[in-house]
Amino acid sequence: MSKKTNVLPGFSLSLGYTLLYLSLIVLIPLSAALIKTTELSFSEFWHVVTAPRVMASYKLTFGASFIGASINAVFGLLTAWVLVRYDFFGKKFIDALVDLPFALPTAVAGIALTAVYAKNGWIGSFLEPNGIHVAFTPVGVVIALTFIGLPFVVRTVQPVLEDLESETEEAAASLGANRWQTFYKIIFPALLPALMTGFALAFARAIGEYGSVIFIAGNMPMVSEITPLIIITKLEQYDYTGATAVAVVMLLISFLLLLAINGLQWWSSRRNAEAIE
Amino acid sequence: MRYLSLVLLALPSLAFAATELLNVSYDVSREFYKELNPAFVKYWKEKTGETVSIKQSHGGSSKQARSVVDGLPADVITMNRSPDIDILYERGKLIPRDWQARLPNESAPTASTSVFLVRKGNPKKIKDWNDLVKANVSVIIPNPKTSGNGKYSYLAAWGYVLKKGGSDAEAKAFVANLFKNVPVLDTGGRGATTTFAQREIGDVLLTFENEVTLIQEELGADKFEVVYPPLSILAENPVALVDKVVDKKKTRAVAQAYLDFHYSEQGQTIAVHHHLRPQVAAVAAKHQADFHAISLFKVEELFGSWANAEKTHFADGAIFDQIYQK
């Protein structure tokens, strides 16, 4: 293997810095959590993390986060498309609107969403008489998680879409591709890696979300309790080890899922590159 | 050398001149301390000529207690449940084990109780605890796992059955039926208030007597009615000085005086302004007319101790978890 020389010097320095930085910010707090759980024996640990209430909360947290991120993948792509490809009055305004879920304190988002979807709220007052319950049900959890994840997909897809030259689409059209073929053979493969990154970010963000969800979820055991609430509940009872045990399981599942998504993304971008060659 | 000792002599007196107490408290005691603290500052100034300032920190009880254990330099801690002060002994040895014996009435100068807030006109005719388990009644209680307020309501319902001569099994069935009527479990008392008052969910809200009066003042006396059940639980608000902190900051004397002030006639009267039941007998007798006569039982009377109640009812896998896992 030949040594590759980089244009910019300082590889070892910057790598060293990266490792130090990641250790300080990410690895040390996480390993503290792991060490804390060693206070439990394995059977105690297993008992804590597989209790029925905790199991129900995993299903809700990961399920609702997945649905929320999927909704964002579809509508985030659409939003990014509109913002990049069209010029219209108020575009800058809508562009700024997309980032709002980032800036808003999550508790404010939760309270606002609950106010809107409760039975006396703007939307809730139309839905509830028709038997559609959103606030204080798992549906409410999905809504909150969709809200907080929106910017991720839009902001990751947008720059890629901007770089995509419309000449390639014109070329495809002149070679006889119809609109649908142009989309799914030319545009979509180029966007897919960015879309998946956005999806992964929105998904990861949703898994950890607490502030906005607790207001709209109703927090009923076995039904609408998210895993972060289980952790907080254990902390409220001064059960630090139990809380970290559940946190470690969450971390592990999240890490594996993110790894899988990254793997998929790598596979799709490689396939895309091969297709172009 | 002489100068140095002069400087050293001057230092403690400098610290003395700016005595500052930090009172770490639970979430809803804000309004009470806004009135009590200036009264104490004035009292202390007149008595000793010393100026003291009192800083407040408010938040969820166990979060606050945890901060003190983790090093927040609180001179005094004021909570609405003794387990949130016990933790200072258990986790940090910041106070002695028998801290409750150091002040009168188990260190609880004030108390409240769980009562019912219903909508105007009391459409569901709720009068007593057994009305809460009826099929068409929807009840709002904060989550007993995360809220002291919720724990008191839960234990009050349980105690109601025992006081009527019921068994533990009957009490469990009663509480299970009660929580079947609870559509939302907010994590704290104020959250439950919002659900009931702003979202208009539920027929009755279970919360502290002092909160109910505040809700009526804030959200309109014409929208809600208070129902006092004939029997309820005594929710005591214990206080303690944090030995490790006051010894380090040399504030023991003023911190002790501050806690004693809670028991003074003036301190107790301020509690009455905020609808907290005074626990000093003489003051309580004077203000009897300000509070509804309810038969009140203590946690210790029916559940042995708070620690015991926590273990049997609220710990993971205990009775509260069981009623949701059928």
Inset, instruction - Could you tell me whether the side chain of A:Tyr58 and the main chain of A:Val49 form a donor-acceptor pair under 3.5 Å? - result: yes
With only heavy atoms counted, which part of [X] is less than 4.5 Å from chain B, the side chain, the backbone, both or neither?
{"X": "A:Thr114", "answer": "both"}
{"X": "A:Ala115", "answer": "both"}
{"X": "A:Ile111", "answer": "both"}

Inset, instruction - Identify which part of B:Leu185 has an atom lying under 4.5 Å from any heavy atom of chain A, answering side chain, backbone, both or neither. - result: both
Legend entry - Proximity breakdown for B:Gln198 and chain A, heavy-atom pairs closer than 4.5 Å: backbone
Legend entry - Side-chain ion pair, B:Lys63 and B:Asp84, N-O less than 4.0 Å: no
Measure the acute angle between the ring planes of [X] and [Y], then classify it against the limits of 30° and 60° as parallel, tilted or perpendicular.
{"X": "B:Phe320", "Y": "B:Phe179", "value": "perpendicular"}
{"X": "B:His313", "Y": "B:Phe303", "value": "perpendicular"}
{"X": "A:Tyr17", "Y": "A:Tyr21", "value": "parallel"}

Choice from [options] maximising heavy atom contacts with chain B below 4.5 Å:
{"options": "A:Val223, A:Leu235, A:Asn120", "answer": "A:Asn120"}
{"options": "A:Glu225, A:Met220, A:Lys119, A:Met222", "answer": "A:Met220"}
{"options": "A:Ala56, A:Ala118, A:Pro52", "answer": "A:Pro52"}

Legend entry - Aromatic ring proximity A:Phe66/A:Phe62, centre distance under 6.0 Å: no
Legend entry - ring-ring contact (aromatic ring centres under 6.0 Å, His included), paired with A:Phe152, selected from A:Phe102, A:Phe203, A:Phe199, A:Phe147: A:Phe102
Quick check for you: among [options], which has the greatest number of heavy-atom pairs under 4.5 Å with chain A?
{"options": "B:Ile87, B:Val69, B:Asn143", "result": "B:Ile87"}
{"options": "B:Glu310, B:Glu90, B:Arg91", "result": "B:Arg91"}
{"options": "B:Asp186, B:Thr195, B:Ile201", "result": "B:Ile201"}

Legend entry - Single hit among B:Val182, B:Asn149, B:Leu132, B:Val212 for side-chain contact (heavy atoms from CB on, under 4.5 Å) with B:Leu206: B:Leu132
